[in-house]
Amino acid sequence: MHHVLISDPDLADNSLLNKMLRSELVNCTSDLEVLRKDPNSPLYSVKSFEALSLKPEILKGVYGMGFNAPSKIQETALPSLLAEPPQNMIAQSQSGTGKTAAFVLTMLSRVDTSLNYPQCLCLAPTYELALQIGHVVEQMSKYMTSLRMVYAVRGGMRVTRGQLIDPHIVIGTPGTVLDWSTKFKVFDLKKIRVFVLDEADVMIATQGHQDQSIRVQRGLSKDCQMLLFSATYDSQVMKFAQAVVPDPIVIRLRREEESLKNIKQFFIRCSSLQEKFHALSNIYGAISIGQSMIFCHTRKAASWLAEQMTRQGHAVGMLSGELAVEQRAAVIERFRSAKEKVLITTNVSARGIDVEQVTVVVNFDLPVNMKGEADCETYLHRIGRTGRFGKRGLAINMVDGSRSMAIMQVIERHFERTIQKLDPDDIDQVEALEEDS
DNA sequence: CTAATTT
């Protein structure tokens with residue numbers, strides 16, 4: 001039945017879509033919390049991509065990516081994302097649950113490829129994340145032959161002041177997008193119909209990219225659909241988000257710690273930097289960890305550690321903001337294709353980066369904020385690089401001294417999950433863990 | 001120099 005309907009070109013029509021939504025969809029799942037302006041209006045959930053009456057070429061792209069059925073967040077978010085009139089959304093869902101596909105699907109559904117100007121705009125906090133989102137756009141739009149996309153990132157395409165660009169979708173980092181839209185005027189923010197903020201909490205946080213993201217947002221038309229996605233929003237940021245986004249549907253996980261269920265967390269107590277390095281070197285010397293990411297607090301620490309590990313004979317990659325853009329693309333590509341199994345990095349890779357083979361995350365330095373306090377949001381994002389899509393993962397925290405022990409305990413209490421002690425000399429412990437996970 | 005962002 002569905003297939004007959006999909007082949008009908010009229011199905012792109014949203015009034016038909018709405019009819020279908022009302023007749024075929026069931027109530028939303030119980031572990032998501034949904035807040036709306038009018039809590040009495042019906043809310044729908046969808047169990048198949050067919051039920052969304054997507055354009056056939058988009059549906060083909062979705063299946064071509066190996067997606068068979070909507071993920072949990074997609075079940076609830078997609079009907080609202082695609083409904084007419086467009087609705088704004090603030091969505092929270094754990095790492096690796098299909099947020100990117102959800103908003104890319106929305107952009108592709110709303111774009112009109114017969115109009116040769118940008119209609120969808122997506123902002124991400126880093127260069128690597130912008131590339132990753134772009135890859136999802138490319139795959140999902142494989143059968144939309146006339147669709148064009150462009151990256152607005154540092155070191156990317158050069159533009160000329162006043163010379164309008166014609167891609168339909170712009171993916172970029174905040175500074176470059178702001179330059180393109182306001183300084184160079186190569187596209188009109190007023191013509192954007194879907195605006196996506198990925199990793200939205202860090203994009204609007206005072207200590208993050210707030211200025212540039214909000215300046216872009218203020219240039220948008222009143223009726224532009226605004227979508228905010230992230231795995232985490234601290235209460236302040238959520239409050240600000242709700243003040244900035246008009247009448248949003250808010251979809252949140254009821255329990256944050258759900259996302260930690262499949263990740264085993266450990267700590268190793270050390271007394272100095274040298275000791276941390278030796279403990280780390282022991283771990284990597286004794287066992288073959290699939291693929292892993294090691295997070296450091298500073299660029300300097302990351303390049304120092306990479307050098308030390310290399311000297312010890314480990315093949316490692318290093319990624320931080322001190323690299324040139326071309327180098328960054330090369331490093332992430334080598335890591336993705338498992339040419340290098342270990343990536344030593346900073347918070348530049350804490351969010352969003354999706355490399356399926358990553359089974360271990362090491363916090364060589366625990367994440368702290370500007371004030372030197374535990375940064376629980378970043379912790380969750382970092383260890384969320386593993387255990388994606390319900391797979392098991394391992395997180396190892398290197399603790400040196402009482403201050404970092406206190407930081408770890410704050411994190412432990414925040415998530416109400418025990419972080420077990422690991423003896424750095426007892427490698428068998430780790431091996432057993434690895435087999436487990 | 002916390003990290004990221006600022007073609």
Side-chain angles (χ1 to χ4, degrees), chain A residues 118 121-134 149-165 167 170-187 197-217 230 232 237 273 293-306 318-329 331-332 343-353 361 363-382 385 403-404 407:
Chain A
L121 173 61
C122 175
L123 295 189
T126 65
Y127 170 70
E128 287 77 16
L129 207 44
L131 289 192
Q132 186 174 278
I133 294 163
M149 179 197 79
V150 69
Y151 296 108
V153 294
R154 189 184 79 208
M157 192 182 85
R158 296 282 189 94
V159 294
T160 314
R161 184 188 291 265
Q163 209 160 88
L164 296 176
I165 57 170
V170 176
I171 314 236
T173 42
T176 309
V177 168
L178 192 61
D179 274 354
W180 281 24
S181 57
T182 61
K183 192 170 151 197
F184 295 109
K185 299 186 190 304
V186 297
F187 74 95
L197 272 181
D198 195 16
E199 305 299 338
D201 59 332
V202 81
M203 300 297 274
I204 61 172
T206 329
Q207 68 273 29
H209 306 269
Q210 188 183 44
D211 284 3
Q212 291 167 328
S213 299
I214 294 301
R215 278 170 69 194
V216 171
Q217 187 252 347
S230 183
T232 56
V237 169
L273 176 65
M293 296 173 78
I294 303 175
F295 287 96
C296 298
H297 187 46
T298 63
R299 300 170 172 195
K300 209 174 138 191
S303 62
W304 174 84
L305 184 59
M318 198 282 288
L319 180 62
S320 84
E322 76 176 26
L323 298 185
V325 173
E326 316 81 65
Q327 289 178 293
R328 286 172 66 159
V331 170
I332 196 80
L343 186 68
I344 299 175
T345 187
T346 62
N347 276 345
V348 71
S349 312
R351 289 164 170 268
I353 296 303
V361 167
N363 285 312
F364 192 76
D365 299 308
L366 291 170
V368 292
N369 63 19
M370 245 167 18
K371 298 174 207 154
E373 302 158 342
D375 183 347
C376 296
E377 280 74 34
T378 299
Y379 181 84
L380 187 67
H381 281 278
R382 281 184 180 182
R385 294 317 92 216
R403 213 181 58 215
S404 76
I407 289 165

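Quick note on labels: first sequence line is chain A, next is B, and so on, each numbered from 1.
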Categorize A:Val202 for me: base, sugar-phosphate, or nothing, with a 4.0 angstrom heavy-atom threshold over every strand shown. nothing
Short side-chain N/O contact from A:Thr176 to OP1 or OP2 of B:dT6, under 4.0 Å: yes
Using only side-chain N and O atoms of A:Thr126, determine if any of them is under 4.0 Å from OP1 or OP2 of B:dT5. no
Distance in angstrom units between A:Met370 CE and B:dA4 P, rounded: 16 Å
Length of the NZ-P vector between A:Lys371 and B:dA3, whole Å: 19 Å
Please pick, from B:dT2, B:dT6, B:dT7, the nucleotide with the shortest atom-to-atom distance to any side-chain atom of A:Phe184. B:dT7
For A:Thr173 and A:Gly175, indicate whether the former's side chain and the latter's backbone hold a donor-acceptor pair under 3.5 Å. no
For A:Pro174, which contact category applies under a 4.0 Å heavy-atom criterion: base, sugar-phosphate, or nothing? nothing
Spacing of A:Leu178 atom CG relative to B:dT5 atom C1', expressed in whole Å: 11 Å
Closer than 3.5 angstrom, by distance alone: can the side chain of A:Arg385 be matched with the main-chain N or O of A:Ala350 as a donor-acceptor pair? yes
Taking CD from A:Glu128 and C1' from B:dT5, how many angstroms apart are they, rounded to a whole number? 12 Å
Nearest to the A:Arg299 side chain among B:dA4, B:dT6, B:dT2, which nucleotide is it? B:dA4
Report yes if at least one side-chain N or O of A:Ser320 is closer than 4.0 Å to OP1 or OP2 of B:dA3; otherwise report no. no
Starting at atom CD of A:Gln217, determine the distance to atom P of B:dT5, rounded to an integer number of angstrom. 22 Å
Is there a side-chain polar atom (N or O) of A:Arg351 under 4.0 Å from OP1 or OP2 of B:dA4? no
Using a cut-off of strictly less than 4.0 Å, decide whether A:Arg328 has a side-chain nitrogen or oxygen near OP1 or OP2 of B:dA4. no
Identify whether any heavy atom of A:Gln210 sits under 4.0 Å from a base atom; if not, whether one sits that close to sugar-phosphate; answer base, sugar-phosphate or nothing. nothing
Figure out the CD/P separation between A:Glu322 and B:dT5, and round it to whole Å. 12 Å
Length of the line joining A:Ile204:CD1 and B:dA4:C1', which is rounded to integer Å: 16 Å
Check whether A:Gln207 reaches the backbone of A:Met370 with its side chain - one donor and one acceptor, N or O, closer than 3.5 Å. no
Using whole Å, what does the distance between atom P of nucleotide B:dA3 and atom CG of A:Leu129 come to? 19 Å
Any donor and acceptor pair, going by atom type alone, linking the side chain of A:Ser303 with main-chain N or O of A:Lys300 inside 3.5 Å? yes
Return no unless some side-chain N or O of A:Arg154 is found under 4.0 Å from OP1 or OP2 of B:dT6. yes
Do A:Arg299 and A:Glu322 meet the salt-bridge criterion of a basic N to acidic O distance under 4.0 Å? no
Heavy atoms only, 4.0 Å cut-off, all strands: where does A:Val159 land among base, sugar-phosphate and nothing? base
